[in-house]
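Below is one structure, written out as structure tokens; comments come after it.
For clarity, every value in this text was computed on a predicted model and none was experimentally measured.
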Amino acid sequence: MKLTNKMILALALASSTLTSCYELDLYPHDKVSTGVFWKTETHAKQGIMGVYDCMKRKATAPNAGFFGEYYMMDALSDIALCNPFSTITSSASTSRTGVYMDKWQNMYDGIAKANHALQNIPKIDASDDKKNIYLAEARFMRGLFYAHLLDFYGGVPIYDESWVLSETFDKMMEPRSSEEKVREFIINDLTFAETYLPYTWSKEDYGRATKAAAVALRGKVNLYAKNWEEAKKDFEKLVNNNEKYGCALNKDYAELFKVDTDANPEMIFFISNSGGVGDANDGMCMAFFMGTRSSFGSGWASMTLDPGFVDSYEKKDGTAFNWNDYIPGYNQMSNTEKLKALSCEQDKSGVVVKYPAYHEKIKAAFADRDPRLSQTCITPYSFFNGWNQNKPRKMECVLFSSGFPKADNGYIDEGDNKWYWFRKFVPEGDCNGQITDRSNTPINFPLIRYADVLLMLAECYNELGDIDNAVKYINAVRSRPSTNMPGLNSGPAWLEARSKAEVHKRLMHERAVEFAGEGIRYSDIRRWRVAETVCNRIATEIHGNKRYEYKFSKDRDYLWPIPGTEIEKNSNLLPNNPGW
């Protein structure tokens with residue numbers, strides 16, 4: 001099923017949504033209503049599918065704040081860049097910037113649909129055991145949506161299933177609850193979910209929430225609150241009971257970000273995506289926003305990898321990367337000289353006639369590194385299985401000092417931009433026919449992976465003073481067979497990490513390279529309170545030319561503002577977050 005149950009007659013849920021101004025969506029008379037819906041177990045399943053489907057909601061750039069573009073949150077951090085977010089990264093945003101309202105509205109729409117399910121599931125003709133599973137799914141999803149609101153906005157109004165929108169929508173003027181109360185509400189939902197959700201689902205229901213998902217998300221909520229002991233208990237529950245919960249690292253890192261990962265044991269909870277057939281919400285927009293013009297449907301490559309981040313990937317022996325080791329004096333060159341050293345010569349038709357003198361050294365500069373780099377990024381002079389003239393084609397990533405590579409010549413085309421393109425999540429060819437629309441990428445998007453659980457557990461141990469166990473679980477991720485990076489404290493001086501500060505620094509790096517493109521980094525650097533240190537920088541192209549200046553205010557940007565349009569409707573949302 002992949003949660004694409006095109007039986008999403010969750011029109012019943014659409015009949016009551018919490019929109020940005022809490023208005024009731026009055027549904028056409030020829031559509032289903034609660035009077036004829038919510039009668040059978042089939043109805044309950046269809047309704048729950050509608051709640052899951054809220055995760056896929058996407059927007060047209062530049063307002064890419066919906067859950068369906070969650071991966072783009074990395075572009076608000078130190079590891080990626082994204083032109084649609086330039087208003088935010090240039091510190092020019094206001095409480096009326098669309099991204100802030102998009103996420104607020106999307107989360108509350110999901111909460112409204114979960115609440116609607118919770119109000120009606122008890123009425124269906126099914127056993128209590130069946131009802132409890134559906135109720136647990138709805139509460140898990142409500143907890144997930146509130147967790148994202150808490151992360152981005154801090155304390156927010158709590159609306160539970162006691163609010164019947166058809167009767168109370170004009171009274172929904174609740175004040176902001178404290179962060180502690182919101183967190184308590186989330187944890188109660190997730191604890192209920194853990195109790196009644198199954199350990200596993202049958203094949204046709206892969207993607208639905210499980211006990212492991214509830215436990216992992218509860219641990220993450222506690223981790224974000226620095227409740228280290230409580231978080232540790234949840235993560236240990238998963239790590240010490242692999243057989244029961246079914247969690248494991250996948251041997252191949254790259255495999256996680258391609259099609260057909262429904263049954264993958266590392267994907268604890270994911271947004272289940274399929275290609276662009278039928279419902280416009282089948283998939284997410286990774287091909288559109290992460291793919292180049294040489295990927296299926298001709299992507300925009302709106303989000304790219306930051307050159308400084310690319311340079312941070314270690315060499316295979318764990319030492320730091322340095323361009324001077326490959327091109328003598330490269331770091332001291334001007335930007336123009338760097339581009340010349342990296343670029344090919346072309347003839348009038350745009351075909352490469354001479355590779356750069358350091359061609360093999362440039363390729364080695366990327367091949368000698370942590371394998372996750374080449375599995376995440378399309379590096380210069382590597383190849384990508386793209387799409388050209390309506391058929392698959394192997395495309396080379398080349399650089400020209402002037403002009404731009406052309407797809408018809410077999411090169412990755414993205415104008416004259418000299419950027420690091422994503423390989424991760426970008427469909428290869430047409431995914432053997434599984435993709436027909438660049439806005440619907442048939443690749444599942446992970447929200448919680450087992451690698452995340454291991455690294456969060458390592459963080460808990462480090463904060464609680466257990467350095468050895470912290471290093472143990474960092475090394476567990478580094479030793480994935482396809483990654484095979486040397487372990488910390490394994491002998492060489494450059495791999496030493498014996499203090500809490502040293503381990504935390506290693507953990508910050510490991511989370512960055514493991515989860516690039518998964519939307520996690522922005523939350524990490526804010527909860528670690530380092531965003532103003534790592535984000536205030538000049539964002540550049542590969543060779544150093546300026547793209548834009550990133551500004552992050554420590555007095556304002558750690559929390560997003562309550563949208564100004566919301567405050568107009570409900571003054572109880574004041575005071576706004578600091579600096580807004």
Side-chain angles (χ1 to χ4, degrees), residues 1-6 8 52-61 63-75 80 82 84 106 206-207 250 253-264 266-267 269-305 375-378 384-388 390-393 395 407 412-414 421-447 449 515-520:
M1 180 183 69
K2 279 196 71 169
L3 288 188
T4 57
N5 263 321
K6 294 310 155 200
I8 295 181
Y52 284 114
D53 205 52
C54 290
M55 294 189 292
K56 298 182 186 180
R57 190 173 179 188
K58 52 205 174 220
T60 300
N63 293 334
F66 290 119
F67 210 119
E69 281 100 25
Y70 185 59
Y71 50 88
M72 295 180 76
M73 292 299 105
D74 274 358
C82 181
N106 190 194
Y206 284 154
N250 195 57
Y253 178 80
E255 190 176 78
L256 293 165
F257 316 110
K258 297 180 181 179
V259 295
D260 301 327
T261 59
D262 290 8
N264 194 296
E266 184 162 342
M267 305 283 271
F269 187 65
F270 57 89
I271 301 177
S272 183
N273 291 311
S274 60
V277 179
D279 184 351
N281 282 330
D282 283 355
M284 292 166 63
C285 289
M286 286 93 81
F288 196 159
F289 287 128
M290 300 174 85
T292 67
R293 295 175 189 172
S294 295
S295 60
F296 187 89
S298 184
W300 283 11
S302 298
M303 188 170 80
T304 58
L305 290 155
Q375 294 164 346
T376 299
C377 178
I378 300 173
F384 174 75
N385 294 323
W387 189 256
N388 177 241
N390 205 33
K391 60 184 178 182
R393 185 172 184 179
M395 317 287 277
I412 292 176
D413 174 7
E414 196 49 53
W421 322 115
F422 270 95
R423 184 184 300 274
K424 191 173 175 179
F425 292 120
V426 178
E428 297 183 1
D430 65 347
C431 298
N432 295 321
Q434 294 189 53
I435 184 171
T436 61
D437 180 346
R438 65 181 180 175
S439 295
N440 293 289
T441 303
I443 297 174
N444 293 335
F445 184 79
L447 293 179
R449 289 199 278 119
F515 304 119
E518 296 180 50
I520 293 176

Next on the checklist: Taking the basic N atoms (NZ, or NE/NH1/NH2) and the acidic carboxylate oxygens, is any pair closer than 4.0 Å for K58 and E69?
Outcome noted: no
Checklist entry - Do Y70 and M55 touch side chain to side chain, with heavy atoms closer than 4.5 Å? => result no
Next on the checklist: Side chains of T376 and F422, heavy atoms from C-beta outward: is any pair under 4.5 Å?
Outcome noted: yes
Checklist entry - Which atoms form the tightest heavy-atom contact between M267 and L256, and what is the distance? => result CE-O, 4.1 Å
Checklist outcome for this item: When every non-hydrogen atom of K424 is compared with those of A516, the smallest separation belongs to NZ-O, 2.6 Å
Checklist entry - Of all heavy-atom pairs between P442 and V259, which one has the smallest distance, and what is that distance? => result O-CG1, 3.3 Å
Item to check | Passing candidate, side-chain contact (heavy atoms from CB on, under 4.5 Å) with S295, options I412, D430, V426 | outcome: V426
Checklist entry - Out of curiosity, Q434 CD to K258 NZ, how far, rounded to the nearest 0.5 Å? => result 13.5 Å
Checklist entry - Taking K56 for the side chain and I271 for the main chain, is one N or O donor matched with an acceptor at less than 3.5 Å? => result no
Item to check | Heavy-atom pair with the smallest gap, counting every atom of S294 and D413 | outcome: OG-N, 2.9 Å
Next on the checklist: Tell me whether D282 contacts the main-chain N or O of S274 through its side chain, where contact means a donor paired with an acceptor under 3.5 Å.
Outcome noted: no
Checklist entry - Any idea how F289 and W300 line up, ring-wise: parallel (<30°), tilted (30 to 60°), or perpendicular (>60°)? => result perpendicular
Checklist entry - For the residue pair F445 and F425, does the interplanar ring angle fall in the parallel (under 30°), tilted (30 to 60°) or perpendicular (over 60°) class? => result tilted
Checklist outcome for this item: Heavy atoms of N444 and N273 approach each other most closely as OD1-N, 2.9 Å
Next on the checklist: Quick one: does any side-chain atom of T441 pair with a main-chain N or O of A287 as donor and acceptor, under 3.5 Å?
Outcome noted: yes
Item to check | Nearest-0.5 Å distance, CE of residue M286 to CZ of residue F296 | outcome: 14.5 Å
Next on the checklist: Rounded to the nearest 0.5 Å, what separates atom CZ in R449 from atom OG1 in T261?
Outcome noted: 10.5 Å
Checklist entry - Side chains of T292 and F384: closer than 4.5 Å at any heavy-atom pair? => result no
Checklist outcome for this item: Of all heavy-atom pairs linking N106 and C54, the shortest is ND2-O, 3.5 Å
Checklist entry - Looking only at atom types and distance, does a side-chain atom of N385 sit under 3.5 Å from a main-chain N or O of E428, one as donor and one as acceptor? => result no
Next on the checklist: Counting C-beta onward and ignoring hydrogens, is there a side-chain heavy-atom pair between T304 and E414 closer than 4.5 Å?
Outcome noted: no
Item to check | Under 3.5 Å donor-acceptor, Y71 side chain and C285 backbone | outcome: yes
Next on the checklist: Using side-chain heavy atoms (C-beta onward) and a distance below 4.5 Å, is P392 in contact with W387?
Outcome noted: yes
Item to check | Parallel, tilted or perpendicular, as decided by the 30° and 60° cut-offs, for the rings of Y253 and F257 | outcome: perpendicular
Checklist entry - Can you find a pair of side-chain heavy atoms, one from I378 and one from M395, that are under 4.5 Å apart? => result no
Item to check | Ring-face cation of R438 near F288 (centre distance under 6.0 Å, axis angle within 45°) | outcome: yes
Checklist entry - Roughly how far, to the nearest 0.5 Å, is the CE atom of M284 from the OG atom of S439? => result 12.0 Å
Item to check | Pairwise distance CG(D262) to OH(Y206) - rounded to 0.5 angstrom | outcome: 8.5 Å
